[in-house]
Student: 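Structure in structure tokens, see below.
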There are 2 protein chains.
Amino acid sequence: MGSDDVATVRVELDRTSSIPLYHQLSTAIEKSIEGGALAPGQRLENEIALAERLRVSRPTARRALQELVDLGMLVRKRGVGTQVAPVRVRRRVDLSSLYDDLERSGRKPSTSVLEYSVAPGGSDITEALDLPGGSDVVTIRRLRQADGEPLALMTNYIALELAPSYEQLGEMGLYHALRDSGVEIHMAHQQIGARTATAAEARLLEDKPKAAVLTMERTAYDSTGRAIEHGRHIYRASRYSFSTTLFAP
Amino acid sequence: MGSDDVATVRVELDRTSSIPLYHQLSTAIEKSIEGGALAPGQRLENEIALAERLRVSRPTARRALQELVDLGMLVRKRGVGTQVAPVRVRRRVDLSSLYDDLERSGRKPSTSVLEYSVAPGGSDITEALDLPGGSDVVTIRRLRQADGEPLALMTNYIALELAPSYEQLGEMGLYHALRDSGVEIHMAHQQIGARTATAAEARLLEDKPKAAVLTMERTAYDSTGRAIEHGRHIYRASRYSFSTTLFAP
DNA sequence: GACAAGCGATTGTCCTAACAAATGCATCCA
DNA sequence: TGGATGCATTTGTTAGGACAATCGCTTGTC
């Protein structure tokens with residue numbers, strides 16, 4: 001008793017795996033937290049005990065814990081120990097596709113591809129994608145629905161050699177299709193605004209004429225800074241809003 | 001020549017300082033990048049050479065470099081080396097107040113305080129602020145202008161003991177006033193949507209009736225997870241949009 | 001009883017060392 | 001000439017150890 005309120009995380013480490021030990025450990029702890037096995041405020045065993053118990057070196061254990069501190073899932077204090085962070089200060093990563101968002105929230109996303117064409121891109125598009133002027137660009141226009149209800153009208157521009165096939169887009173989100181062909185999105189700039197819908201947009205979204213819509217313009221990059229995709233989307237404001245989490249320096 | 005295109009960073013390390021060596025090193029490199037001494041794409045000397053030259057261990061040098069990779073300032077590839085990242089993938093922190101944003105972009109912000117009142121908060125407000133039901137809450141309604149033009153209608157709710165004075169709010173942004181009284185905002189959740197303006201809102205914002213407006217609902221927390229402020233704002237969509245940068249896990 | 005000093009616990013910093021894996025380039029062979 | 005092979009370079013992973021700094025608690029003193 002007394003110090004029995006420290007938690008020992010149940011972990012199975014696979015030393016033959018190509019996944020680094022520290023990452024196996026950090027994801028295991030993360031799952032324990034997200035699965036509720038570790039409650040906010042719960043104290044963890046100290047890093048030396050953790051390392052010894054799992055037969056890893058202290059730097060490896062430290063690195064796993066540090067990864068979770070960076071994610072805001074753990075809080076550590078010198079002389080005190082390591083605790084599970086309160087839920088609301090946890091960093092939630094946000095560069096998720098609309099498709100994944102909908103699936104996660106238990107709704108059933110579907111997509112109609114309205115247009116899939118190849119043509120030399122306008123100067124605004126090639127500039128956003130950092131391509132030579134006049135380069136061929138694939139234009140994709142899709143209507144995204146959730147539970148059969150129109151939610152967003154999405155227009156994407158992608159360099160020809162990176163574009164997924166028409167067939168793939170009906171089944172999955174754009175980002176998922178890109179990942180399947182080995183393209184990893186790392187970062188995106190986006191701008192969110194609002195305006196009233198045009199008659200054509202309102203019709204497609206099955207909303208009132210001149211209804212307010214959210215507009216989102218996004219350019220996505222891989223980790224080397226190469227521009228992958230530029231999109232201009234509108235969302236039914238009556239059915240959708242953006243949630244973000246911001247952190248101070 | 002040939003490999004003369006690798007840069008050696010000029011660094012002075014102070015081993016008596018309480019600032020960790022890796023942090024001294026990373027900030028020195030960061031300054032070199034931001035100061036333009038290291039251009040995007042510039043290749044850095046490898047970590048072993050860097051460590052030897054500065055008489056630090058390789059882990060210390062690695063940690064400094066890793067810190068900058070996490071910030072998006074450097075890109076590393078196994079077998080290749082370390083390069084300065086393109087400007088556009090650098091992480092820019094985003095939890096800035098509208099007031100600061102406007103000032104930074106060279107516009108002249110001003111504020112009219114429309115309401116400053118103290119009353120028991122409704123249940124939605126006290127819940128958002130994590131206060132006991134019926135607690136006294138300060139309600140602040142302000143009209144934010146840029147170069148004399150209305151831009152946003154902001155409503156904020158703050159616990160009585162944290163609220164800045166009426167006078168402070170006319171001169172500076174809310175977050176600035178909070179910081180002056182020792183309250184540091186660390187994180188915020190926010191939700192961005194859109195709708196059409198009511199007649200009263202349109203009049204205050206000097207916009208057309210039923211114009212599209214951006215709505216933003218935000219709750220801000222300090223680093224311990226204590227809720228500081230809850231705000232419900234509307235922005236003239238014709239004059240303002242939100243820019244954000246998102247990062248993948 | 002209050003305040004300061006001391007001590008154990010815990011995380012933070014820094015070091016040396018070894019091997020693994022990916023990349024780009026040169027080389028060799030068909 | 002073209003493709004496969006191998007090698008040097010560079011970052012990634014893991015280990016083990018030493019000491020420093022900080023925190024909370026206990027103890028001791030006035």
Side-chain angles (χ1 to χ4, degrees), chain A residues 2-8 11 13-27 29 41-70 73-85 182 184 222-224, chain B residues 2-8 11 13-27 29 41-70 73-85 224:
Chain A
S3 68
D4 262 33
D5 48 354
V6 305
T8 57
V11 188
L13 295 181
D14 176 5
R15 278 162 191 281
T16 68
S17 162
S18 67
I19 298 166
L21 286 174
Y22 62 83
H23 199 250
Q24 290 183 44
L25 179 50
S26 70
T27 53
I29 298 174
Q42 171 69 55
R43 194 149 159 268
L44 263 63
E45 63 190 323
N46 73 61
E47 63 190 34
I48 296 180
L50 178 68
E52 268 177 13
R53 188 167 62 84
L54 301 177
R55 311 289 179 135
V56 298
S57 69
R58 192 181 156 208
T60 300
R62 272 184 70 74
R63 183 153 181 190
L65 294 173
Q66 190 56 49
E67 223 165 65
L68 295 175
V69 170
D70 292 342
M73 316 262 318
L74 293 180
V75 177
R76 319 188 74 196
K77 272 211 284 279
R78 206 184 243 179
V80 179
T82 306
Q83 283 184 306
V84 178
E184 276 291 349
D222 69 9
S223 61
T224 70
Chain B
S3 68
D4 264 32
D5 48 354
V6 304
T8 57
V11 188
L13 296 181
D14 175 6
R15 280 162 191 278
T16 67
S17 162
S18 68
I19 299 165
L21 285 173
Y22 63 81
H23 199 250
Q24 291 183 44
L25 178 50
S26 70
T27 53
I29 298 174
Q42 170 69 57
R43 195 149 157 270
L44 264 61
E45 64 190 323
N46 73 61
E47 62 189 36
I48 296 179
L50 177 69
E52 269 177 12
R53 187 167 63 84
L54 300 177
R55 312 290 181 132
V56 298
S57 70
R58 193 181 154 209
T60 300
R62 272 183 71 74
R63 181 153 181 191
L65 294 172
Q66 190 56 48
E67 221 165 66
L68 295 175
V69 170
D70 292 342
M73 315 266 315
L74 294 180
V75 178
R76 321 187 73 193
K77 270 214 285 278
R78 203 184 245 180
V80 179
T82 306
Q83 284 183 307
V84 178
T224 69

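Residue numbering restarts at 1 for every chain, and letters A, B, ... go by the order of the sequence lines. Every heavy atom of this structure was used, including side-chain atoms; hydrogens, water molecules and symmetry mates were not.
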Student: The test is side-chain contact (heavy atoms from CB on, under 4.5 Å); show your working for Leu44(A) and Leu65(A) and say whether it passes.
Tutor: CA-CA 10 Å; Leu44(A) 263 63; Leu65(A) 294 173; 4.3 Å; yes
Student: Check the pair Leu74(A) / Val84(A) against side-chain contact (heavy atoms from CB on, under 4.5 Å), numbers first and verdict last.
Tutor: CA-CA 5 Å; Leu74(A) 293 180; Val84(A) 178; 4.2 Å; yes
Student: So, for Ala64(B) and Ser26(B), which heavy atoms are closest and what is the spacing to 0.1 Å?
Tutor: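 Closest heavy-atom pair between Ala64(B) and Ser26(B): O-CB, 3.5 Å.
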Student: Taking only residues two or more places apart in sequence, or in another chain, which ones meet Glu45(B) in a side-chain hydrogen bond (donor to acceptor under 3.5 Å, both in side chains)?
Tutor: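 Testing Glu45(B) for side-chain hydrogen bond (donor to acceptor under 3.5 Å, both in side chains), a comparison that skips the adjacent residues, returns Arg53(B).
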Student: Once you round to the nearest 0.5 Å, how far does CD of Glu52(A) lie from CZ of Arg58(A)?
Tutor: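 Here the interatomic distance stands at 11.0 Å.
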Student: With Gln42(B), which residues qualify under side-chain hydrogen bond (donor to acceptor under 3.5 Å, both in side chains), at least two apart?
Tutor: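 Scan of Gln42(B) (side-chain hydrogen bond (donor to acceptor under 3.5 Å, both in side chains), adjacent residues dropped) gives none.
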Student: Going 5' to 3' along DNA chain C, which are the first and last nucleotides with any atom under 4.0 Å from a heavy atom of chain A?
Tutor: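 So the outermost contacting nucleotides come out as dA9(C) to dT13(C).
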Student: For Arg76(A) and Arg58(B), take the nucleotide of DNA chain C holding the closest heavy atom to each; which residue's nucleotide lies nearer the 5' end?
Tutor: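 The residue whose closest nucleotide sits nearer the 5' end is Arg76(A).
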Student: Listed by chain and number, what are the side chain to side chain contact (heavy atoms under 4.5 Å, CB included) partners of Ser17(B), not counting sequence neighbours?
Tutor: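 Residues passing side chain to side chain contact (heavy atoms under 4.5 Å, CB included) with Ser17(B): Asp14(B), Ile19(B), Gln24(B).
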Student: Yes or no on side-chain contact (heavy atoms from CB on, under 4.5 Å) for Leu25(A) and Leu50(A), after CA distance, side-chain angles and deciding distance?
Tutor: CA-CA 10 Å; Leu25(A) 179 50; Leu50(A) 178 68; 4.2 Å; yes
Student: Partners of Arg62(A) by side-chain hydrogen bond (donor to acceptor under 3.5 Å, both in side chains), sequence neighbours excluded?
Tutor: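 If we apply the side-chain hydrogen bond (donor to acceptor under 3.5 Å, both in side chains) test to Arg62(A), skipping adjacent residues, the hits are Glu47(A).
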Student: Quick check for you: name the first and last nucleotides of DNA chain D, 5' to 3', having an atom under 4.0 Å from a heavy atom of chain A.
Tutor: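 Taking any atom under 4.0 Å from a heavy atom of chain A, the span is dT13(D) to dG24(D).
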Student: Which of residues 60-68 of chain A sit near DNA chain D, with a heavy atom under 4.0 Å from it?
Tutor: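 Thr60(A), Arg63(A) - these, ordered by number, are the residues of the stretch whose heavy atoms sit under 4.0 Å from the strand.
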Student: With DNA chain D as reference, determine whether Glu45(B) or Pro59(B) sits nearer its 5' end, using the nearest nucleotide of each.
Tutor: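 Closer to the 5' end of DNA chain D: Glu45(B).
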Student: Tell me, please, which residues at least two apart from Ser57(B) pass side-chain hydrogen bond (donor to acceptor under 3.5 Å, both in side chains).
Tutor: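 Only Thr60(B) meet the side-chain hydrogen bond (donor to acceptor under 3.5 Å, both in side chains) criterion with Ser57(B).
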Student: Can you list everything that forms a side chain to side chain contact (heavy atoms under 4.5 Å, CB included) with Arg55(A)? Sequence neighbours excluded, please.
Tutor: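 Testing Arg55(A) for side chain to side chain contact (heavy atoms under 4.5 Å, CB included), a comparison that skips the adjacent residues, returns Arg15(A).
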Student: I'd like to check the side chain to side chain contact (heavy atoms under 4.5 Å, CB included) partners of Val80(B); sequence neighbours left out, ordered by chain and number.
Tutor: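 Here the qualifying residues are Lys77(B).
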Student: Report the end-to-end axis angle of the helix from dG1(C)-dC30(D) to dA30(C)-dT1(D); each axis comes from five terminal pairs, and the value is rounded to 10°.
Tutor: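 Here the helix ends are tilted 0° relative to one another.
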Student: Among residues 13-22 of chain B, which contact DNA chain C at a heavy-atom distance under 4.0 Å?
Tutor: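 Nucleic-acid contacts, sorted: Arg15(B), Pro20(B), Leu21(B), Tyr22(B).
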Student: About how many Å separate CD of Glu67(B) and OG1 of Thr27(B), when rounded to the nearest 0.5 Å?
Tutor: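 Between Thr27(B) OG1 and Glu67(B) CD, I get 8.5 Å after rounding to 0.5 Å.
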